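These notes concern the structure reproduced below.
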There are 2 protein chains.
Amino acid sequence: MPGAISAGADRPRQIVAAALRILEREGPEALTMRRLATAVGIRAPSLYKHFADKAEVEQALIAEGLAELGGLVGSWSGERGGDFGRIARGYRRFALERPHLYRLMTERPLDRERLPAGVEERGVAPLVALLGTRDRARAAWAFAHGMVQLELAGRFPPDADLDAAWEVGIGAFAATAGV
Amino acid sequence: MPGAISAGADRPRQIVAAALRILEREGPEALTMRRLATAVGIRAPSLYKHFADKAEVEQALIAEGLAELGGLVGSWSGERGGDFGRIARGYRRFALERPHLYRLMTERPLDRERLPAGVEERGVAPLVALLGTRDRARAAWAFAHGMVQLELAGRFPPDADLDAAWEVGIGAFAATAGV
DNA sequence: GTCTATAGTGGGATAGAC
DNA sequence: GTCTATCCCACTATAGAC
């Protein structure tokens with residue numbers, strides 16, 4: 001059978017999965033082609049049979065992260081409604097659980113060409129529906145992203161009450177939507 | 001005269017100034033010790049007579065950036081009062097004018113030990129005074145930082161009306177302070 | 001305080017055989 | 001699709017002469 005699926009040997013998937021593990025456990029500097037190959041059990045040059053270059057591997061990680069986060073946002077917002085606080089707190093949890101992936105996903109320009117269609121919009125839509133306008137959704141997203149980014153970068157003073165700061169922002173944006 | 005100032009030969013200052021130029025014009029990857037030395041007109045190893053290592057040079061850039069931004073925030077907030085919108089818009093302008101310095105300043109943990117005393121607090125105080133609590137100030141800062149970060153990273157859609165998003169956030173946080 | 005020389009490390013990527 | 005061998009690059013940092 002020509003098109004037979006050898007399930008255990010889906011190299012591209014294996015590679016992406018390994019890359020994700022390395023990234024999350026050891027940070028972005030640890031994600032090298034050599035290291036990645038070792039994790040998969042092959043030699044570095046063989047990776048280039050599956051991905052054109054390192055950027056393509058990273059792009060796959062970004063796409064995966066965005067799809068996952070988008071799905072979560074959808075699940076938190078429920079059928080119609082849900083509330084901004086729930087989304088914001090979930091967003092924070094995701095970022096704190098996968099800090100390196102989150103940073104990779106957000107710190108560089110998004111290559112929309114190579115991104116599966118709809119991934120971006122699917123994450124944005126619930127927030128727009130909830131807050132009423134795209135401008136409000138963008139401002140609220142920026143707040144959440146800024147909180148996460150500053151928390152991940154260790155920029156708040158050690159004694160800062162971040163839960164309280166989150167609630168202030170959540171309240172502020174919920175209010176703009178007249179809730 | 002032993003303590004005479006040879007104005008043209010203040011190497012440490014020269015080095016920091018050159019580093020700032022390279023960083024802003026060519027980005028963080030371009031800031032290497034070789035490149036920096038060339039810009040100053042010496043060889044790379046000579047830099048180590050003035051700075052222990054590269055991290056020390058970067059620390060100097062961060063301190064300079066924070067001091068400058070802190071001074072600006074103070075000037076925007078005036079004697080008593082001023083408004084959050086003015087600070088936020090100025091903050092955005094600073095970040096857009098010096099994107100690479102801004103990112104260097106904010107994307108890694110702050111080494112408070114090696115930072116001149118008061119630099120951090122001087123930037124924060126006006127915002128706390130204006131908004132009433134530290135939690136509100138932190139949330140508002142996160143909003144501004146998030147907007148800037150997403151804008152610099154090219155993460156908003158090309159047609160997004162960022163001015164409008166800024167005004168939404170500014171309004172939301174001004175409202176929390178009861179203004 | 002500057003130089004030359006160089007150590008030591010690590011990275012991305014390609015050629016060509018099997 | 002995997003391998004071995006290797007290129008080529010760039011970086012930080014040190015040693016030791018002047």
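Please read all numbers here as calculations on a predicted model, not as lab measurements. Lettering of chains follows the sequences in order, A, B, ..., and the numbering in each one begins at 1.
When rounded to the nearest whole Å, the span between OH of Tyr48(B) and C1' of dT6(C) equals 14 Å. If you take NE2 of His50(B) and C1' of dG1(C), they are 6 Å apart, rounded to a whole angstrom. One interatomic measurement links the two molecules: CD of Glu29(A) to C1' of dG10(C), which rounds to 13 Å at whole-angstrom precision. In this structure, the CZ atom of Arg35(B) is 15 Å from the C1' atom of dC11(D), given to the nearest Å. Between the P atom of dT14(C) and the CE atom of Met33(A) lies a distance of 10 Å, rounded to the nearest Å. The CG atom of Asp53(B) sits 14 Å away from the C1' atom of dC11(D) (whole-angstrom rounding). What separates CG of Leu36(A) from P of dG11(C) is a distance of 12 Å, to the nearest Å. For the pair Gln14(B) CD and dG1(C) P, the computed distance is 12 Å after rounding to whole Å.
Where Thr32(A) and Ile42(B) meet DNA chain C, the nucleotide closest to each residue was compared, and Ile42(B) sits on the side nearer the 5' end.
For an aromatic pair to be called close, the ring centres must be under 6.0 Å apart, and Phe156(B) with Trp141(A) satisfies this.
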Please walk me through it: do Leu20(B) and Leu61(B) pass side-chain contact (heavy atoms from CB on, under 4.5 Å)? CA-CA 7 Å; Leu20(B) 212 43; Leu61(B) 295 183; 3.7 Å; yes

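Ring geometry for Phe143(A) versus Trp166(A): interplanar angle over 60°, hence perpendicular rather than tilted (30 to 60°). Ring pair His145(B)/Tyr102(B) is tilted by interplanar angle, where 30° to 60° counts as tilted.
Residue Arg34(B) places none of its side-chain N or O atoms closer than 4.0 Å to OP1 or OP2 of dA10(D). Applying the 4.0 Å criterion to OP1 and OP2 of dG1(D), one finds that Ser46(A) has every side-chain N and O outside that range. Within the 4.0 Å cut-off from OP1 or OP2 of dA5(C), not a single side-chain nitrogen or oxygen of Arg43(B) is found.
In this structure, of dA5(C), dT2(C), dT12(D), it is dA5(C) that holds the atom nearest to the side chain of Pro45(B). The side chain of Lys49(A) lies closest to dT2(D), out of dA5(C), dT2(D), dT12(D).
Hydrophobic clustering keeps Val128(B) apart from Phe173(B) (ILVMFWY residues linked when any side-chain heavy atoms are closer than 4.5 Å, directly or through intermediates).
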